[in-house]
Amino acid sequence: MPPEVVFLNGGFVPYDQAVVPVEDRGFLFADAIYEVIRCYGGRFFRLDDHLERLEQSAAALEIPLPYDRARWTQVLEELIRRNGVRDGSVYVQVSRGVAPRAHAWPDGLQPTVVAIARPGGTPPAEAVRRGVKAITVPDNRWGLCWVKTTGLLPNVLAKQRAARAGAYEALFVRDGLLTEGTSSNVFVVREGVLYTHPLANILPGVTRMVVLEVAREAGIPVREQAIPVQWLERASEVILSGTNSEVLAVVEVDGRPVGDGRPGPVFARLREGYLARVAAETGAAVDVGA
Ligand code: PLP
C-alpha cells in the first residue's frame with residue numbers, strides 16, 4: 001500500500017500526485033542527501049541526531065536546507081500523523097533543485113524536499129532470533145562516505161550481491177579493513193572487546209552511537225579502531241547496527257560461521273540496551289525480550 005500523502009516542497013500531496021521535474025538534480029546526478037528516521041509508538045527516535053547529520057550532509061554538499069530543526073520536526077510529525085504511521089519510518093530527501101543539465105550548478109536554486117512515511121520496517125523476528133548471514137565485498141565507494149547522499153550505487157550493487165547469495169547484508173572491505181555494511185555499521189567482538197571502525201570515511205550511524213552508549217554503560221570494553229578482515233575468522237561475534245536493522249547478530253560471513261554460529265551474549269546485551277533506550281526516549285511499549 002502506498003502512503004496516503006507525502007510531503008513535497010512545503011505541502012502535503014496525495015502520493016500519486018507527488019511528482020518531481022525530470023531535470024531535478026537528484027534524478028540527474030544523485031545531487032541530493034537523505035535521512036531515514038524511525039518512529040516507535042508515534043514518536044521519533046533520536047530525531048535531533050538525524051537532523052544534525054542532515055545539516056552536516058547539506059553543508060558538505062553546499063545544499064541550503066530550507067527548514068530549521070523545529071520546522072523539520074513539525075513537518076515530520078504531521079507526516080506520520082496524516083498517514084497514521086505509529087511504528088515505521090520516514091524517508092527525507094533534499095536535492096539541490098531543478099536546473100537545465102550541467103555539472104556545475106547555477107546560483108539561487110530552490111532545493112527539492114520530499115518526505116515519505118511508511119509503517120513497519122523492523123527486522124523480522126526470525127532475523128533477530130537466529131541472526132543473519134553476510135558476505136564481504138570490496139569497498140569501492142568514494143572518499144565522502146560520511147555524507148549521506150543518495151549516490152548509493154556501490155551500496156545497491158553490493159546489497160544485490162548479498163541478496164543473490166541469500167545474505168542479509170554485504171560488509172565493505174577497504175585496504176583489508178572492515179569498514180561498514182551497505183546500510184549498517186558493523187561491530188566485531190574479539191576476546192571480550194567490542195571493535196568498530198572509527199569515524200573516518202564511514203557513515204556516522206545514529207544507531208552506532210546508541211550501541212556505543214549502551215556498551216559503555218554496560219561496562220563492555222569498546223575500541224573504535226580499524227578491524228582487519230581476517231579477524232572475522234576468530235571473532236566470537238559480529239553485530240550490525242542501523243535504523244532499519246536496529247541491532248542484529250551476524251552468524252555467518254562468506255559461508256563460514258561466526259563463533260558458534262548463534263547470536264552471542266554481547267549482541268543480546270546491546271540489543272536489549274538499544275530497545276530499552278527506545279522505550280525510555282519514545283515512551284513506546286517495545287518488547288525488549290523479542
Ligand atoms: N552505514 C551506511 C552506509 C548506511 O547507509 C547506514 C544507514 O542507512 C548506516 C551505516 C547506519 O546508520 P543509522 O544507524 O544512522 O541508520
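For the pair Glu35 and Lys148, the salt-bridge criterion is not met [side-chain N within less than 4.0 Å of a carboxylate O]. Using a 4.0 Å cut-off between charged side-chain N and carboxylate O, Glu217 and Arg277 make a salt bridge. For the pair Arg38 and Glu246, the salt-bridge criterion is met [side-chain N within less than 4.0 Å of a carboxylate O]. The pair Arg141-Glu180 meets the salt-bridge criterion, with a side-chain N (NZ, NE, NH1 or NH2) lying under 4.0 Å from an Asp/Glu carboxylate O.
In summary, the side chains of Tyr274 and Ser241 do not present any donor paired with an acceptor at a separation below 3.5 Å, with no hydrogens or angles considered. At a cut-off of 3.5 Å, with distance as the only test, no side-chain donor of Tyr15 or Gln17 sits close to an acceptor on the other residue.
Between the side chain of Arg271 and the backbone N or O of Val128 there is no donor-acceptor pair closer than 3.5 Å. Side-chain atoms of Asp175 never come within 3.5 Å of backbone atoms of Leu177 as a donor-acceptor pair (strictly under, hydrogens ignored). A donor-acceptor pair under 3.5 Å is formed between the side chain of Asn83 and the backbone N or O of Leu79. Counting only distance, with no hydrogens or angles, the side chain of Asp87 and the backbone of Gly120 share no donor-acceptor pair below 3.5 Å.
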List the steps and the verdict of salt bridge (Lys or Arg N to Asp or Glu O under 4.0 Å) for Arg269 and Glu272. CA-CA 5 Å; Arg269 280 164 79 189; Glu272 190 184 312; over 6 Å; no

Step by step, would you call Phe187 with Tyr195 a ring pair (Phe, Tyr, Trp, His ring centres under 6.0 Å)? CA-CA 5 Å; Phe187 297 80; Tyr195 292 88; over 10 Å; no

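Judged as a side chain to side chain contact (heavy atoms under 4.5 Å, CB included), and not counting sequence neighbours, the contacts of Thr282 are Tyr40, Arg43, Phe45, Val278, Ala284. Residues meeting the salt bridge (charged side-chain N to carboxylate O under 4.0 Å, His left out) test with Glu52, sequence neighbours left out: none.
Sorted by first and then second residue, the pairs that involve residues 90-100 and meet salt bridge (charged side-chain N to carboxylate O under 4.0 Å, His left out), not counting sequence neighbours, are Asp31-Arg96.
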